[in-house]
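Have a look at the structure below before the remarks.
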Amino acid sequence: MRRVSSGLTDVGRRRVSNEDAFGLDDELGLYVVADGMGGHAAGEIASREAVDNVMAMVRRQRDVLAAVQGGDRSPETMRRVLRVMESAIQAATYMVFAIAENEPEQRGMGTTLSSLLVIGDVGITGQVGDSRVYQVRQGQVTRLTEDHTLVAWQVKQGIISAAEAERSPHKNVITRAVGSRDYVQVDTHVVDVQPGDSFLLCSDGLHGYLEDHEIPAIVDLGPAVATRHFIELANKRGGRDNITALVIEIL
């Protein structure tokens, strides 16, 4: 199976700088989206450092990835691949935290990070924060990640309803971020991948304006056209935040 992707990021209509970042590598099958936070351009630094570190750390583990590419689906090998993703995000966390500790103006900076690693017919997701990964198969969309936000936790605990969450003044409060501490809990997950599947990675500047049922028709336009369409849609609907879309097609 081949992977074809396209990524695009936009400052949006309200912000003066873009603190989103993304990385893609079709040969490796690795895709990352990050949404930074912090003053004095610190969010921009956090997201870029996180993306670059995850990409670099995963590239160093090609031997583990090669075993899966070769058809090894043993529990031990799959655990090793999950550890590759988790360790890469932990390394990014430590790097961003260390930079912030040494630069007073950047103290407290952090970033969300959503990643997807596609190896043959296996996909590995890594998640911290509220950027998202979606999978589209035969016209049906599935969200593969869970938002690490205060309102998502409240909904999960039954404290508020999904409708109340949409109106909550706390909907943008992140409960996990890369770099705000020297360690973060990382969600990892394994999904199966088939020819014809598509994936969307995006920051909340896009999914905040997007209904899940709208995603399949847009990704069917192909990665390059779809990313432009997603950016235009978010800007048309308000563009209050930076917007990033990364679309992958499995051939």
Side-chain angles (χ1 to χ4, degrees), residues 1-7 21-35 47 50-95 111-137 141-148 176-178 183-203 207 215 219 223 244-251:
M1 288 187 284
R2 288 193 306 117
R3 301 166 290 263
V4 178
S5 68
S6 180
F22 70 89
L24 57 85
D25 184 335
D26 286 330
E27 189 275 327
L28 186 64
L30 180 61
Y31 309 93
V32 186
V33 165
D35 178 357
S47 61
V51 169
D52 290 348
N53 274 273
V54 169
M55 302 290 287
M57 290 295 292
V58 174
R59 287 183 180 123
R60 294 176 188 171
Q61 301 296 324
R62 289 179 183 269
D63 57 332
V64 179
L65 311 188
V68 178
Q69 186 71 51
D72 186 351
R73 302 290 184 271
S74 65
E76 176 56 30
T77 296
M78 297 311 297
R79 281 194 294 270
R80 289 179 66 199
V81 174
L82 287 169
R83 283 198 298 271
V84 166
M85 180 65 79
E86 181 178 358
S87 297
I89 296 174
Q90 293 292 1
T93 296
Y94 187 77
M95 176 63 72
T111 182
T112 71
L113 192 142
S114 295
S115 56
L116 173 68
L117 176 62
V118 180
I119 318 166
D121 60 358
V122 171
I124 307 294
T125 61
Q127 171 75 1
V128 175
D130 67 346
S131 295
R132 293 180 180 176
V133 182
Y134 295 90
Q135 181 180 38
V136 177
R137 175 176 293 171
V141 63
T142 302
R143 195 206 303 180
L144 301 180
T145 54
E146 178 180 308
D147 293 347
H148 300 143
R176 294 189 214 170
V178 167
Y183 172 85
V184 69
Q185 183 179 345
V186 180
D187 288 353
T188 56
H189 187 61
V190 179
V191 297
D192 72 291
V193 177
Q194 297 178 6
D197 285 355
S198 293
F199 295 89
L200 167 66
L201 281 70
C202 62
S203 62
H207 69 68
I215 295 173
V219 300
T244 299
L246 201 169
V247 175
I248 306 105
E249 185 177 5
I250 308 300
L251 303 173

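The figures that follow rest on heavy atoms only: side chains count, while hydrogens, waters and symmetry mates do not. Bear in mind that the values here come from a model prediction, so they are computed numbers and not experimental data.
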### Task
List the steps and the verdict of side chain to side chain contact (heavy atoms under 4.5 Å, CB included) for Glu146 and Gln127.
CA-CA 8 Å; Glu146 178 180 308; Gln127 171 75 1; 5.9 Å; no
### Query
Who pairs with Ser5 by side-chain hydrogen bond (donor to acceptor under 3.5 Å, both in side chains), at least two apart in sequence or on another chain?
Asp26
### Task
Go through the steps for Arg59 and Asp25 under the test side chain to side chain contact (heavy atoms under 4.5 Å, CB included), then give the verdict.
CA-CA 10 Å; Arg59 287 183 180 123; Asp25 184 335; 3.2 Å; yes
### Which residues share a side chain to side chain contact (heavy atoms under 4.5 Å, CB included) with Tyr134, sequence neighbours left out
Arg132, Val141, Arg143, Leu200, Cys202, His207, Asp212, Ile215
### Query
Which atoms form the tightest heavy-atom contact between Gly23 and Leu246, and what is the distance?
O-CD1, 3.5 Å
### Task
Assess whether atom CE of Met55 is packed by more than 12 heavy atoms of other residues, nucleotides or ligands within 6.0 Å.
yes
### Query
Where is the tightest heavy-atom contact between Met1 and Gly120, given as atom of each residue plus distance?
CE-O, 3.1 Å
### Task
Sequence neighbours left out, what passes side-chain hydrogen bond (donor to acceptor under 3.5 Å, both in side chains) with Asp130? Give chain and number order.
none
### Query
Phe199 and Leu144: which non-hydrogen atoms are nearest, and at how many Å?
CE2-CD1, 3.9 Å
### Euclidean distance, Tyr31 OH relative to Leu201 CG, rounded to 0.5 Å
10.0 Å
### Task
Could you give me the CA-CA distance, side-chain angles and deciding distance for Ser6 and Val247, then say whether side chain to side chain contact (heavy atoms under 4.5 Å, CB included) is met?
CA-CA 6 Å; Ser6 180; Val247 175; 5.7 Å; no
What side-chain donor-acceptor pairs closer than 3.5 Å can you find for residues 79-89, not counting sequence neighbours?
unit_1, atom_1, unit_2, atom_2, d
Arg79, NH2, Glu76, OE1, 3.1
Arg83, NH2, Glu76, OE2, 3.4
Ser87, OG, Arg83, O, 2.8

### Task
Report the residues that fulfil side-chain hydrogen bond (donor to acceptor under 3.5 Å, both in side chains) with Arg60, sequence neighbours left out, ordered by chain and then residue number.
none
### Query
Atom CG of Leu65 and atom CG of Leu117: how far apart are they, to the nearest 0.5 Å?
5.5 Å
## Note on the structure
Between Val193 and Gly123, the two heavy atoms sitting closest are CG2-N, 3.5 Å
### Query
Can you check whether Leu251's main-chain N or O pairs, donor with acceptor, with Arg3's side chain at less than 3.5 Å?
no
### With sequence neighbours excluded, residues passing side chain to side chain contact (heavy atoms under 4.5 Å, CB included) with Ala67
Asp72, Thr77
### Message
Could you report the tightest heavy-atom contact between Ala34 and Val51, atom names first, then the distance?
### Response
CB-CG2, 3.7 Å
### Message
Using the side chain to side chain contact (heavy atoms under 4.5 Å, CB included) criterion, which residues pair with Gln185? Sequence neighbours excluded.
### Response
Arg176, Asp187
### Side-chain donor or acceptor of Ser131 paired with backbone N/O of Ser114 under 3.5 Å
no
### Query
Minimum heavy-atom separation for Val54 to Leu30, with atom names?
O-CD2, 4.1 Å
### Query
Hey, are the side chains of Met78 and Val122 touching, using non-hydrogen atoms and a 4.5 Å cut-off?
yes
### Query
What salt bridge (charged side-chain N to carboxylate O under 4.0 Å, His left out) pairs are there with at least one residue in residues 190-199, not counting sequence neighbours?
Arg137-Asp192, Arg137-Asp197
### Query
Residues in side chain to side chain contact (heavy atoms under 4.5 Å, CB included) with Ala50, at least two apart?
Ala92, Val96, Thr111, Leu113, Val178
### Message
Just to verify, what does Asp52 make a side-chain hydrogen bond (donor to acceptor under 3.5 Å, both in side chains) with, not counting sequence neighbours?
### Response
Arg48
### Task
Supply the atom-to-atom distance Asp121 CG to Arg73 CZ, rounded to the nearest 0.5 angstrom.
4.5 Å
